[in-house]
Amino acid sequence: MGSGLIKKWMILCVFLSVAVNLRNGVTAEPQVPCYFIFGDSLVDNGNNNNIQSLAKANYLPYGTDFPQGPTGRFSNGKTTVDVVAELLGFDDYIPPYATARGEQILRGVNYASAAAGIRQETGQQLGARIDFSAQINNYKNTVAQVVDILGDENTAADYLSKCIYSVGVGSNDYLNNYFMPNYYSTSRQYTPQQYADVLIRQYSEQIRTLYNYGARKFALNGIGQIGCSPNALAQNSPDGVTCVQRINGANQIFNSRLRALVDEFNSNSQDAQFIYLNAYDVFQDLIDNPSSFGFRVSNAGCCGVGRNNGQITCLPFQNSCQNRDEYVFWDAFHPTEAANIIVGRRAYSAEKASDAHPFDIRRLAQL
């Protein structure tokens, strides 16, 4: 048999094997067994739907481009963690803690809650929310269930050590706390440097608790440019275009402390890995060069009310813009699916050295 014929025969065998596997419903295993998500409205996928909160998104036009429609995601479509879940090879999105049941939890759980922060009081003017410490308590419940399903603590610990833990909190500690002096006293108590230190101290203890309950692969997300959101521009930008440096400067202080914390944890941990994801600079790219990424509007929400569509966020059944993929922001605070896809992809596979430190989620999954 000639070499050309052998090659064709091998290709045919591979093709038939793939076809049989697809027919039998066999799919490739994800790169990690599970993906646990902690955060706020940027990644909430339904945990606030049935609590007494003003911070909800389980109504149209939220979810207008999502296959299941409005789910509680604060976007027209996918969030960044949905994008990362796809890239990690999961065949479905990670379920919210509010509805996750049985063996479904072995794939991971999303604990994120809109208006949640590192500090317990953050976001209280919006009603109920599940702050980061409460999300960790919910995770402890999940761990107990994982032990029951897998049979013993050692098997569960080994299983959980292979999972990725995504943490994205801190935005609301500025947006719905520090920069809301009519409701909170923190800006009178602390300078931006002091406040970042206070937040990072509490955050580091919360991360240690996750470690004590089995987490070993941490993806810690920096906070984005809150001073460039349509809401910040509507309230504080004279021209509606120039970002609010007072807010962004405070955000950058927090991010620098968080990046340093990642280095500290990596230096002191023998059996855990921590990475820092730099959403701030990725958003800087989108805002500085929107047309390079296919965007036309970077200073206004696709859906909202008032100046920059940012004074009041997207209301139930309000008409949104039609060209959603051309907007960086979906509403007064949150990115569109188009922007989330870029941020999620660069978190998974860094396009610039600054996107992730010391490496990206794809590498973290391989360890």
Side-chain angles (χ1 to χ4, degrees), residues 32-40 43 47 81 84 88 94-98 100 103-113 116-122 129-170 172-173 196-222 254 257-277 357-359 361 363-367:
V32 290
C34 42
Y35 183 29
F36 292 102
I37 298 151
F38 303 84
D40 52 33
V43 293
N47 288 311
V81 294
V84 171
L88 285 169
I94 305 304
Y97 178 76
E103 295 203 356
Q104 190 181 29
I105 68 172
L106 294 177
R107 289 172 43 251
V109 178
N110 184 331
Y111 304 92
S113 170
I118 296 166
R119 293 171 68 88
Q120 200 234 334
E121 84 274 9
T122 286
R129 67 261 168 251
I130 309 159
D131 64 80
F132 187 25
S133 291
Q135 292 179 35
I136 293 169
N137 286 337
N138 288 340
Y139 166 71
K140 291 177 184 178
N141 294 335
T142 301
V143 172
Q145 294 169 31
V146 171
V147 172
D148 286 344
I149 293 168
L150 297 183
D152 63 80
E153 288 187 4
N154 288 339
T155 305
D158 182 62
Y159 186 82
L160 294 172
S161 72
K162 299 179 175 72
C163 306
I164 286 181
Y165 291 74
S166 173
V167 179
V169 288
N172 285 313
D173 295 292
D197 289 337
V198 167
L199 290 178
I200 290 295
R201 268 200 301 276
Q202 186 171 352
Y203 183 100
S204 64
E205 290 305 314
Q206 291 162 326
I207 295 297
R208 286 186 181 95
T209 303
L210 284 177
Y211 174 88
N212 291 338
Y213 279 80
R216 292 297 181 270
K217 295 184 177 187
F218 294 87
L220 307 184
N221 295 265
F254 175 86
R257 301 285 199 278
L258 181 57
R259 193 180 190 274
L261 183 68
V262 163
D263 288 337
E264 180 188 325
F265 277 146
N266 280 329
S267 297
N268 297 328
S269 304
Q270 299 301 312
D271 62 344
Q273 292 285 342
F274 298 80
I275 64 170
Y276 167 73
L277 299 171
H357 171 80
F359 44 78
I361 291 174
R363 172 85 189 282
L364 183 66
Q366 294 168 351
L367 298 175

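Being a predicted model, the structure only gives us computed values, none of them experimental.
- Here the side chains of F359 and L367 are in contact, with some heavy-atom distance below 4.5 Å.
- To the nearest 0.5 Å, atoms OG1 (T209) and CD1 (I136) are separated by 5.5 Å.
- Between the OH atom in Y159 and the CD1 atom in I149 there is a gap of 9.0 Å [rounded to 0.5 Å].
- Inter-residue side-chain proximity for D40 and S113 is flagged as unmet; no heavy-atom pair is nearer than 4.5 Å.
- Side-chain atoms of Q273 and N266, non-hydrogen and from C-beta on, do get closer than 4.5 Å to each other.
- Of all heavy-atom pairs between C163 and P33, the closest is SG-CG, 4.0 Å.
- Taking all atoms of both residues into account, the shortest heavy-atom contact from A156 to L150 is CA-CD1, 3.9 Å.
- Within the 4.5 Å cutoff, side-chain heavy atoms of L277 are placed close to those of I361.
- Looking at heavy atoms from C-beta onward, I164 lies in side-chain contact with L364 at the 4.5 angstrom threshold.
- The nearest pair of heavy atoms linking V262 to F274 is CG1-O, 3.5 Å.
- Other residues, nucleotides and ligands place no more than 12 heavy atoms under 6.0 Å from the CD atom of E103.
- Y203 places a side-chain heavy atom less than 4.5 Å from the side chain of V169.
- The line from CG of N138 to OG of S133 is 11.0 Å long, rounded to the nearest 0.5 Å.
- Going from atom CG of L199 over to atom CZ of R257 covers 10.5 Å, rounded to the nearest 0.5 Å.
- Checked against a 6.0 Å centroid threshold, the rings of Y139 and F36 count as neighbours.
- Interatomic distance, OG1 of T142 versus OH of Y97, reported as 5.5 Å (0.5 Å rounding).
- The aromatic rings of F38 and F132 sit perpendicular, their planes meeting at an angle over 60°, well past the 30° parallel limit.
- Applying the side-chain hydrogen bond (donor to acceptor under 3.5 Å, both in side chains) rule to N172 yields the partners N176; only residues at least two apart in sequence or on another chain are considered.
- Using a 4.5 Å heavy-atom cutoff, the side chains of V167 and L210 are in contact.
- Between G39 and V43, the shortest heavy-atom distance links the atoms CA-CG2, 4.0 Å.
- Of all the heavy atoms in G168 and N221, the pair that sits closest is CA-CB, 4.0 Å.
- Inter-residue side-chain proximity for Y211 and D271 is flagged as met; some heavy-atom pair is nearer than 4.5 Å.
- Note that CD of Q104 and CD1 of I94 are 9.0 Å apart. Values are rounded to the nearest 0.5 Å.
- The environment of CD in Q120 is sparse: at most 12 heavy-atom neighbours from other residues, nucleotides or ligands sit within 6.0 Å.
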